[in-house]
Amino acid sequence: MRSDNVTKGVERAPNRSLFYALGYTKEELERPLIGVVCSYNEIVPGHMNLDKIAEAVKAGVRAAGGTPVEFPAIAVCDGIAMGHIGMKYSLVTRDLIADSTEAMAIAHQFDGLVMIPNCDKNVPGLLMAAARVNIPTIFCSGGPMLAGRLNDGRRSCLSHMFEAVGAYKAGKLDEEGVEDYENNACPTCGSCSGMYTANSMNCLTEAIGMGLRGNGTIPAVWSARLRLAKHAGMQIMDLVKNNIRPRDIMTPAAFHNAETVDMALGCSTNTMLHLPAIAHECGIELDLDMSNEISSKTPNLCHLAPAGDTYMEDLEGAGGVYAVMKELTKKGLLDTSVMTCTGKTLEENLAGVTNRNPEIIRPVENPYSADGGIAVLKGNLAPEGCVVKRSAVAPEMMSHTGPARVFDSEEEAITAIYAGKIVPGDVVVIRYEGPKGGPGMREMLNPTSAIVGMGLGESVALITDGRFSGATRGAAIGHVSPEAALGGPIAFVEEGDIISIDIPACKIEVQVDEATLAERKAKWVCPEPKVKTGYLARYAKLVTSASRGAVLE
């Protein structure tokens, strides 16, 4: 066993003495050592229950003959970090999580790992670590939050909460109405209840083969989540026994499957950052053009919040991610020969699976749209591409042309939006918020929610080299690459320039001739870095373009 390096032989007596100092017995050290990577903390609602998940996982490991050893991973709550400098620290934690988990796993020579994440950067960070360390690994997330219910009985969620602030600023909602959302939108622990980034990544963990059925959809507060955790603890022992490793599971075919499920579910645009980054750790390069090719063949089957009025608990009731995958197999869209963490192929896993609610998971012959939930747009404004959650865009905004309203930070834009300076037809441009320019590529949920909450969601577009929360809806186009700080064309857009957006055609253009853009570029001077010290400054020096997943080099 790998753990023999720290537990076997006279030469390892000093190592064993330290295990004994921890209270482990000789008998426990003769079993496989399983690292239980728990992201429990008291600041992220999606993580406040992970101590209980960890205890259930450890019970499963012990029941199957292993010795569990718990250690932590960090996580940021994007909702709490939103709208201030804290959001600069969200995406960057993905690499901190991967690096620190790699260090712990290799330093202590675990035979296998059970990852217990739940929220936005925590899930991809641990998937990156799993690929990098490449020892038998399984994921058991904390589960989604239940949907909220307002005083009048309507169901609600975090995206409605953010939009309520915009409605208040527009005089469409009073303080009592805001308080109703505040008290009721997020009623339980768990990852926020729509198909936001956390739930998107937890669902894709099933799709890529690294999580058991229900990992993405069983609510955090259901006892079934604890049973799932015990089964994950048991299953890691089978993976260790058969030496089934992450890179045996996360193959090119598995990533193709994950992107296909992504399009069918209508996942967060952040998946277009995370899947390439995870693949990169597997030695696989994903490009954005591949996403459009997959999308063109994949029907969009789900409209969960923010695209619609259904929630994660509804998806679970309909059969979950497996039921979505079963629908996709009817059109031959998935490679079902791939290995998964169950020790079985995807084909074996899907045997007997049915779609229990065709209103929640549309059958492939009756989709919401014939193409997928995410589109990659290209043009002279984004030569390397940009992304939009097509499934959450109003029909009126699928094609839009309007004047640019240019801002060099999120703060400038939100001030103008709240002040009523953005009018129907405008195209809001927020730049210098990319991976390097931010630094950290902040999510722009506040301005997009303000636009929707103020009644402009069907008449105003927003374009940025930053990114969006999975809770964003509307014509919100992010990840513009190259970013402004790298001298991308978005840096040369001026107030009043006409921008045309054609989502069905996957095109985005600023209607300025090449000679004028070249002249502006010649005069352009890159602004001073916004952050010059600490981790963010180091991150800015190492991070690559959003079109490559914002990986570090």
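In what follows, every heavy atom counts, from backbone to side chain, and hydrogens, waters and symmetry copies are set aside.
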Could you walk me through whether Arg431 and Asp408 pass the salt bridge (Lys or Arg N to Asp or Glu O under 4.0 Å) check?
CA-CA 5 Å; Arg431 61 193 180 192; Asp408 286 347; 2.7 Å; yes
Rounded to the nearest 0.5 Å, how far does CD1 of Ile85 lie from NZ of Lys530?
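If I round to the nearest 0.5 Å, the distance is 10.5 Å.
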With a 6.0 Å cut-off (strictly less than), is the heavy-atom count around CD of Glu365, excluding the residue itself, greater than 12?
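More than 12 within 6.0 Å, yes.
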Counting only heavy atoms not in Lys297, do more than 12 fall under 6.0 Å of its NZ?
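It does not: Lys297 NZ has 12 such atoms or fewer within range.
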Where do [X] and [Y] come nearest, in terms of heavy atoms and distance?
{"X": "Val338", "Y": "Ala253", "result": "CG1-CB, 3.7 Å"}
{"X": "Thr217", "Y": "Cys203", "result": "CG2-SG, 4.1 Å"}
{"X": "Tyr196", "Y": "Cys157", "result": "OH-SG, 3.0 Å"}
{"X": "Thr269", "Y": "Phe468", "result": "OG1-O, 4.2 Å"}
{"X": "Pro117", "Y": "Phe139", "result": "CG-CD2, 3.8 Å"}

I need the single residue from Leu126, Val123, Asp262 that forms a side chain to side chain contact (heavy atoms under 4.5 Å, CB included) with Met201. Which is it?
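Of the listed residues Leu126, Val123, Asp262, the side chain to side chain contact (heavy atoms under 4.5 Å, CB included) partner of Met201 is Val123.
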Please walk me through it: do Asp78 and Lys121 pass salt bridge (Lys or Arg N to Asp or Glu O under 4.0 Å)?
CA-CA 9 Å; Asp78 280 13; Lys121 312 310 167 299; 2.6 Å; yes
Would you find a donor on one side and an acceptor on the other, under 3.5 Å apart, between the side chain of [X] and the backbone of [Y]?
{"X": "His400", "Y": "Gly425", "value": "yes"}
{"X": "Thr93", "Y": "Leu96", "value": "no"}
{"X": "Tyr181", "Y": "Leu158", "value": "no"}

Once side-chain hydrogen bond (donor to acceptor under 3.5 Å, both in side chains) is applied, what residue pairs with a partner in residues 470-486 remain, sequence neighbours excluded?
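Pairs touching residues 470-486 that pass the test: Glu163-Arg473, Thr448-Thr472, Ser481-Ser545.
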Side chain to side chain contact (heavy atoms under 4.5 Å, CB included) assessment of Tyr418 paired with Val165
CA-CA 10 Å; Tyr418 283 157; Val165 177; 3.6 Å; yes
Show me, pair by pair, the donor-acceptor contacts under 3.5 angstrom made by side chains of residues 275-282, not counting sequence neighbours?
residue	atom	partner	partner atom	Å
His280	ND1	Glu285	OE2	3.0
Glu281	OE1	Arg132	NE	3.2
Glu281	OE2	Arg132	NH2	2.8

Salt bridge (Lys or Arg N to Asp or Glu O under 4.0 Å) evaluation trace for Lys378 with Asp289
CA-CA 10 Å; Lys378 286 191 173 182; Asp289 292 332; 3.0 Å; yes
Under 4.0 Å between a Lys/Arg side-chain N and an Asp/Glu carboxylate O for Glu528 and Lys532?
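Salt bridge between Glu528 and Lys532, a charged N being under 4.0 Å from a carboxylate O: yes.
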Is the shortest side-chain N to carboxylate O distance from Asp497 to Arg520 below 4.0 Å?
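Counted as a salt bridge, because a side-chain N and a carboxylate O are separated by less than 4.0 Å.
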Working note: Arg442 + Asp465, criterion salt bridge (Lys or Arg N to Asp or Glu O under 4.0 Å); need CA distance, chi angles, decisive distance, verdict.
CA-CA 9 Å; Arg442 286 193 287 183; Asp465 54 6; over 6 Å; no
